[in-house]
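To start, the structure under review is shown below, and the notes come after it.
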Amino acid sequence: MERGTPEGQRALSEAAGAGKRVEVLGERTEYTTTYANPDGESFQLEQSVVPVRVRNGPDRWVEPDATLVVRPDGGIGPRAAVVGVTFSPGGPGTGLVELKGRGGRSLTLGWPGRLPQPVLEGDDATYREVLPGVDLRMTATTEGFREVLVVKTPQAAANPALKRVEFSLSTNGLTVSGSKEGGFSAADSDGNDVFVAPPALMWDSSGPDATQAPTTTPQARTATGIRTASLSSPAVAPTEGDANDDPDSPLDGPGHGDKTAELPVHVEARSLAVVPDTDLLTQQDPAAYPLYIDPQIGTDDSEHLLLRSDGYSLYDWDNKADKQGRGVGKCGSWNGYYCGPGYVQRLYFEFGPQKLAGKEVLDASFTITEPWAFQCSPRNVQLVRTREIYKSTKWSTRPARLDMMGDRYVSAGRGSSCDPNSPAAPITFNDNPDEPDENLTPTVRDFAAGKFDRLTLELRAADESDTSAWKRFRNDAVLSVKYISRPAVPTGMGIVAGTGTSCSRDATDPDVISDPTPKLAARPQTAPGAEAEASLRSIFTVQKKQGDGQWVPVTGASYLETPTSGYVGDGKQVVRDVPVTLSDGVLYRTSSWTRSYAGSEVRASRATGNCYFKVDRAAPKAARIEFNGDPYQECDTTSCVPLGGPDIPGTVTFRAASGDTNSSYLYKLSTEKAWHSRSGSTVTVKITPTISGTVRLHVKAKDSLGRVGNERIVDFAVKEGSGPVARWSFHETSGDARDTSTTVSAYQDPAKLHNGATRPTDGRRGWLIEEEKEDRTLRLDGVDAYAATSGPVLDTRASYTIAGWVRPDRVDRDFSMVGQAGTAMSGIAISHSADGKWAARLPSGDTTASTDTTNKVLAKRDTVAACGPMSPPPTRPPPTCSSSTSTASSKGSRRSANPSTRPAR
């Protein structure tokens, strides 16, 4: 296969040749696996709600394992987890636990006191007697950790330190804030949640024996949290451990009848705290002890929730020590055997759309393992789509049902008790064409298309009054999706003209070409997210306009498919000859769309707009373009060297094609709308790019009869500017504020201070040691003071960056840091509003009718007042710098009144 072929395409080829699916390793994550299917055209995405693997080095994956080990540096953590979890080995409490996510982002919690050396058992680290009569158990998970305070006696509960349990907090690259559910989240600079926590839970030990029934022996509780129980029954009957869904230990959650309380997490700048429930904490009955206080923190990659009708809930529930998962249905008594007191339980799974973006879903299924059932006879289980779940969702606020996804009559996990044998088995929900109310595939298709943000699925018993239907499921739920790439509108559509394509959207001003068999080109596209697995073709139409005004194909076929065999990847250009000779003087149009393929499954995008053209074989052919290396040079198929820079001019020569005699040329850069004209058979012109990166030069030749010929397009690369185009530090003691971005006075933009603006010695950097002086700043009086240049500095049509330091003394009013005036509107204004937010505002236009502005950037945090009066700046020629500003700088393309004689550096 061709070198550089995308991995997805290579995997499809391998899968087709081997007759079995092949994993696309580059798409592998902790939660997802992508396969190329043996049909050689489609893919399969398997998305789990729990980690299925953990990265251990750049190219190595291992199975998740939360078992705690002591590391070489003395820290304690799980063998293999999605996030870095480190527990303290004992000593100072400041480093009780550290969570590390991607990109070095971290969150550290500390205990207010010294920590003893922990006792390790499996995934638990127990710090005994952190307070008199209080143990602290830290439990690692593969996605975070749980933290349980065990208060053993009424005397221990009377300790004033338990009235508010506070943990020190430090972060790196994260911002912690409380959530509306009563938990908290730690978000990165883009506002994406990295770690999340539900509200804390507190419970006592006042409930009756969770499994007490005629067939059980009494269950004992101890201060260390160990529960024991046995069931005396025939071998074919359910065992207590199989049926009962109670926590393995009272440290894992409340049992039946235990009193509970939800505790909001209080978030401060440097601490997190929970306030234990007073009623639970002040109980005097020793039988109500131990008490348990349980905060929990993990990633935001997946969510699964257990809800039951007695009010108990468990966020990110586990499979218990017996690996039998959790139950659905009614947990009561059946045929003399006991499960529980008769509550109803449902399980919820929520999936995010990240890996589904850009996919065209062909089929979807949901698979989960059933390891246990109350009896051998099948019972009906339903999969239902509901509204979203939250960390604080309870039975009383359970999400509303939206639609049926599917149902299954199943029984698994009874083993040799059934005839035939019934081992644990994966249960798959997939649309049954004979049952029109099953809608999993169309629902997932809508989900992938972005019609809703989260997919929440509920697993429930069809008959929640039937105790014999009680069964348990593991948390290994997988959403499996067969898909192809969702096609998107092609780019670069038009008639080939040099290294680019030409396309006139105006039927009254069509392109004129001299070649009657032109080449068409386009770049088929996929929706964002599906680029790696694309199997695409471009479809072209070429039509001519008849005398009656009707448009008809120029060939017998309505469209031209390219390539005719095989496929191309996302964004790869395809070129197609028009298969017939076109006639002079006829108006033609061409358009294109993208098709995505998987066997008989074909999806199409919308079409591009029409490109209009005429053929005139007597018109000039495409001109020759020669770069003179002053400083730019034309890009070719293997090289495109950035030279020059924004606003640095270069020269280029236009010559007639062989056999032509031209009288003039039209030319423009891709950043310009208007064409320039230069007379002569051979001409040399000056071009001045205003942006860095790849720029296109468009050229058309014109003959003495005024006929405009073929357009030629060439690319050249512009080097990024070396530094800011303007910078003001306000270090002067008098006169204008000097532009320190250059030492060439002709290129400087000094800012004049107006109406009492000053430069006091209270800049943000304080005493400047090397310069032996105080840092100065611009101080404005809050009335009408400002600083301004004599004209515009930036070309706001191009990309640019503006930065400045501001210390406002008031944040309850509107003001601006910097702006640049246009004819009627400011081209850019970085402003502060009275609601405490900064925003970058760009106008919708530059006329008196352009009254609206657009928020391009909106700050996520409120401004904090410091010093220096603030007020709205007057309407004057910007840039204006209002507020107490120590430095201001701009980086981008300089805009001048005469760019041909005054280039930027």
Side-chain angles (χ1 to χ4, degrees), residues 54 64-102 104-152 156 159 161-162 164-174 176 183-184 186 194-197 200 223-225 249 251-252 263 265-274 276 290 292-299:
V54 172
D65 185 354
T67 304
L68 292 176
V69 295
V70 179
R71 297 171 179 153
D73 62 0
I76 298 167
R79 283 201 178 101
V82 173
V83 296
V85 180
T86 303
F87 295 146
S88 169
T94 51
L96 170 63
V97 58
E98 180 187 51
L99 281 180
K100 275 192 175 180
R102 297 181 181 90
R105 302 179 184 93
S106 65
L107 180 150
T108 302
L109 297 181
W111 175 256
R114 289 190 64 81
L115 292 167
Q117 182 177 347
V119 178
L120 304 185
E121 182 178 358
D123 53 8
D124 297 330
T126 301
Y127 300 85
R128 301 195 185 281
E129 298 294 312
V130 292
L131 295 171
V134 178
D135 290 347
L136 174 61
R137 188 189 76 165
M138 306 294 291
T139 300
T141 70
T142 57
E143 299 176 279
F145 69 91
R146 291 184 60 206
E147 179 180 308
V148 180
L149 278 172
V150 184
V151 184
K152 305 174 194 176
N159 191 328
L162 291 176
R164 177 183 171 93
V165 182
E166 188 167 294
F167 302 89
S168 63
L169 168 68
S170 62
T171 62
N172 179 44
L174 297 172
V176 179
F184 72 87
V194 177
F195 303 120
V196 294
T224 57
S249 159
L251 284 90
D252 296 329
L263 310 178
V265 179
H266 300 271
V267 179
E268 304 293 343
R270 293 181 176 84
S271 67
L272 298 176
V274 293
Y292 305 94
I293 304 169
D294 174 24
Q296 174 182 344
I297 302 176
T299 68

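Heads up: numbering here begins at 1 and tracks the sequence. What you see is a predicted model, and the numbers here were worked out from it, not measured in a lab. Atom set for the values below is all heavy atoms of this structure, side chains included, hydrogens, waters and symmetry mates excluded.
Note on residues 119-146: no pairs pass ring pair (Phe, Tyr, Trp, His ring centres under 6.0 Å), not counting sequence neighbours. Within the structure, every pair that satisfies the salt bridge (Lys or Arg N to Asp or Glu O under 4.0 Å) test and touches residues 78-94, not counting sequence neighbours, is listed here: D65-R79. Residue pairs meeting the salt bridge (Lys or Arg N to Asp or Glu O under 4.0 Å) criterion with at least one member in residues 84-94, sequence neighbours excluded, do not occur.
The two residues A186 and L107 come nearest to each other via the heavy atoms CB-CD1, 3.9 Å. Across every non-hydrogen atom of T142 and P64, the tightest pair is CG2-CB, 3.6 Å. Closest of all the heavy-atom pairs between A200 and V274 is CB-CG1, 3.9 Å. Nearest approach of A140 to A66, heavy atoms of both residues: O-CB, 3.6 Å. Heavy atoms only, all atoms of each residue included: G133 and A156 are closest at O-CB, 3.5 Å. Taking each heavy atom of A125 and F87 in turn, the nearest pair found is CB-CD1, 4.1 Å.
For E129, the salt bridge (charged side-chain N to carboxylate O under 4.0 Å, His left out) partners at least two apart in sequence or on another chain are K152. Residues meeting the side-chain hydrogen bond (donor to acceptor under 3.5 Å, both in side chains) test with T141, sequence neighbours left out: none. Every residue was checked against the side-chain contact (heavy atoms from CB on, under 4.5 Å) condition with S168, not counting sequence neighbours, and none meets it. For D123, there are no salt bridge (charged side-chain N to carboxylate O under 4.0 Å, His left out) partners two or more places apart in sequence or in a different chain. Applying the side-chain contact (heavy atoms from CB on, under 4.5 Å) test to P276 and every residue at least two apart in sequence or in another chain returns V165, M202, L281, I293. In terms of the side-chain contact (heavy atoms from CB on, under 4.5 Å) criterion, residue partners of S271 (sequence neighbours excluded) are, by chain and number, E166, E268. When the salt bridge (charged side-chain N to carboxylate O under 4.0 Å, His left out) test is applied to E121, no partner is found at least two apart in sequence or on another chain.
Under the 4.5 Å side-chain criterion, counting only non-hydrogen atoms from C-beta, T126 is not in contact with V150. Two residues are said to be in side-chain contact when any heavy atoms from C-beta on lie closer than 4.5 Å; T86 and R71 meet this criterion. Taking the side chain as every heavy atom from C-beta outward, V267 and L272 approach each other to under 4.5 Å. In this structure, I76 and S88 have side chains that are not in contact, with every pair of non-hydrogen atoms separated by 4.5 Å or more.
Considering OH of Y292 and CG of D135, their distance stands at 10.0 Å, rounded to 0.5 Å. To the nearest 0.5 Å, the span separating CG on L162 from CG on L131 amounts to 5.5 Å.
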Could you pull out every donor-acceptor pair under 3.5 Å between side chains of residues 109-117 and any protein atom, sequence neighbours left out?
none

Scan the side chains in residues 89-101 for donor-acceptor partners under 3.5 Å anywhere in the protein, sequence neighbours excluded, and list what turns up.
none

Apply side chain to side chain contact (heavy atoms under 4.5 Å, CB included) to the pair T139 and V148, showing each step before the final yes or no. CA-CA 8 Å; T139 300; V148 180; 5.8 Å; no
